[in-house]
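For reference, positions follow the sequence shown, starting with 1. Values below: all heavy atoms of this structure, side chains included; hydrogens, waters and symmetry mates excluded. Bear in mind the structure is a predicted one, so any value in this text is a computation, not a measurement.
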Amino acid sequence: MQEPEKTCYTDDNEYIRQLEQAAALPDWIARKKAYLRINLRRLDTMVQEQAAVVLASKTNVANTSLDGLKAAAEKLVADVAEYEAAKSRRDSTARSIYILDSEDEQRYREQNKDIDGTCQWNYSASSCGKPTVEGTRWCADHIDEWTMLRHSTGDND
């Protein structure tokens with residue numbers, strides 16, 4: 001079976017360049033939005049590519065002899081599972097963008113403001129302790145580790 005041609009409109013170098021540009025943004029919320037949008041574009045492409053793979057597998061099943069039918073069907077099932085996984089990641093990212101765009105940025109800033117000048121990232125009941133950055137309660141290593149509704153600290157309180 002011939003694999004479909006990749007349709008990715010941005011190569012890895014372009015993807016990396018976009019991520020580097022996002023990393024240079026001065027605001028942590030703007031960075032998160034940029035990362036999500038960049039990843040959504042990449043996930044959209046992955047879903048399109050995987051849909052083409054599924055279509056090729058379906059065609060292969062239809063054109064396979066009885067001897068090869070089991071292997072072709074198993075490949076189709078695996079391809080459909082990969083498609084569903086990519087689609088789920090894309091949909092989750094799209095939901096995160098929607099939530100972030102529709103929520104009040106000030107609420108995020110208030111929830112993540114600096115408490116005592118040390119990073120509050122949770123390491124087994126103790127915080128990281130490095131100096132905070134950008135007026136948040138997170139150090140440079142941990143500032144971009146937050147999710148849409150809460151920071152990924154483990155305790156999130």
Side-chain angles (χ1 to χ4, degrees), residues 1-64 68 70-105 107-109 111-112 119-124 127-128 130-154 156:
M1 180 179 83
Q2 185 177 18
E3 289 293 319
E5 184 177 322
K6 297 283 185 191
T7 60
C8 187
Y9 64 92
T10 58
D11 62 18
D12 286 339
N13 291 331
E14 176 63 16
Y15 177 70
I16 291 167
R17 187 187 66 73
Q18 290 176 8
L19 289 175
E20 288 170 345
Q21 284 180 331
L25 290 171
D27 181 70
W28 59 282
I29 293 178
R31 275 195 309 277
K32 187 64 173 185
K33 286 180 179 182
Y35 290 147
L36 287 169
R37 287 188 172 91
I38 291 164
N39 286 325
L40 182 61
R41 286 191 298 272
R42 186 136 172 134
L43 288 166
D44 279 339
T45 300
M46 289 172 63
V47 167
Q48 291 170 5
E49 290 173 351
Q50 197 57 39
V53 169
V54 168
L55 184 59
S57 284
K58 284 173 67 176
T59 302
N60 190 42
V61 167
N63 295 328
T64 299
K70 181 179 178 189
E74 288 172 351
K75 173 139 177 38
L76 175 59
V77 169
D79 290 341
V80 168
E82 282 187 46
Y83 167 78
E84 291 297 330
K87 191 173 160 211
S88 177
R89 287 192 310 272
R90 184 210 48 205
D91 293 348
S92 176
T93 300
R95 275 191 305 277
S96 295
I97 291 170
Y98 174 79
I99 290 168
L100 189 56
D101 282 345
S102 64
E103 291 289 329
D104 180 16
E105 284 186 17
R107 181 176 69 93
Y108 291 119
R109 293 186 196 292
Q111 288 175 342
N112 290 284
C119 180
Q120 300 301 304
W121 185 265
N122 185 13
Y123 282 118
S124 301
S127 60
C128 166
K130 292 181 182 175
T132 57
V133 295
E134 298 183 38
T136 69
R137 59 185 183 145
W138 317 113
C139 68
D141 292 339
H142 297 123
I143 192 165
D144 292 325
E145 299 297 323
W146 61 287
T147 63
M148 293 307 81
L149 300 176
R150 356 169 44 139
H151 205 276
S152 303
T153 60
N156 293 309

Would the distance check show the side chain of [X] and the main-chain N or O of [Y] forming a donor-acceptor pair, the cut-off being under 3.5 Å?
| X | Y | value |
| --- | --- | --- |
| Thr93 | Arg89 | yes |
| Ser92 | Ser88 | no |
| Gln50 | Ala86 | no |

All side chain to side chain contact (heavy atoms under 4.5 Å, CB included) counterparts of [X], not counting sequence neighbours:
| X | value |
| --- | --- |
| Val77 | none |
| Ala78 | none |
| Leu19 | Tyr15, Tyr35, Ile38 |
| Leu55 | none |

Ring geometry between Trp121 and Trp138 (parallel below 30°, tilted from 30 to 60°, perpendicular above 60°):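 Geometry flag for Trp121 against Trp138: perpendicular rings.
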Exercise: identify the closest heavy-atom pair between Asn60 and Ala72: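 So the two residues come closest at ND2-CB, 3.9 Å.
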Exercise: do Ser57 and Asp79 side chains pair donor with acceptor under 3.5 Å: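 Yes, Asp79 and Ser57 have a side-chain donor paired with an acceptor closer than 3.5 Å.
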Would you give the length of the straight line joining atom [atom1] of [X] to atom [atom2] of [Y], rounded to the nearest 0.5 angstrom?
| X | Y | atom1 | atom2 | answer |
| --- | --- | --- | --- | --- |
| Leu36 | Arg95 | CG | CZ | 12.5 Å |
| His142 | Arg137 | NE2 | CZ | 13.0 Å |
| Leu100 | Lys32 | CG | NZ | 8.5 Å |

According to side-chain hydrogen bond (donor to acceptor under 3.5 Å, both in side chains), who are the partners of [X], at least two apart in sequence or on a separate chain?
| X | answer |
| --- | --- |
| Glu105 | Lys33, Arg109 |
| Asp141 | Lys130 |
| Thr132 | Asp114 |
| Asn13 | none |

Glu20 and Arg17: CA distance, side-chain angles, deciding distance, salt bridge (Lys or Arg N to Asp or Glu O under 4.0 Å) verdict: CA-CA 5 Å; Glu20 288 170 345; Arg17 187 187 66 73; over 6 Å; no
Any Asp12 side-chain heavy atom under 4.5 Å of Arg42 side chain: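 SC-SC contact between Asp12 and Arg42 confirmed.
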Salt bridge (Lys or Arg N to Asp or Glu O under 4.0 Å) against Arg90, all qualifying residues, sequence neighbours excluded: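 Here the qualifying residues are Asp44.
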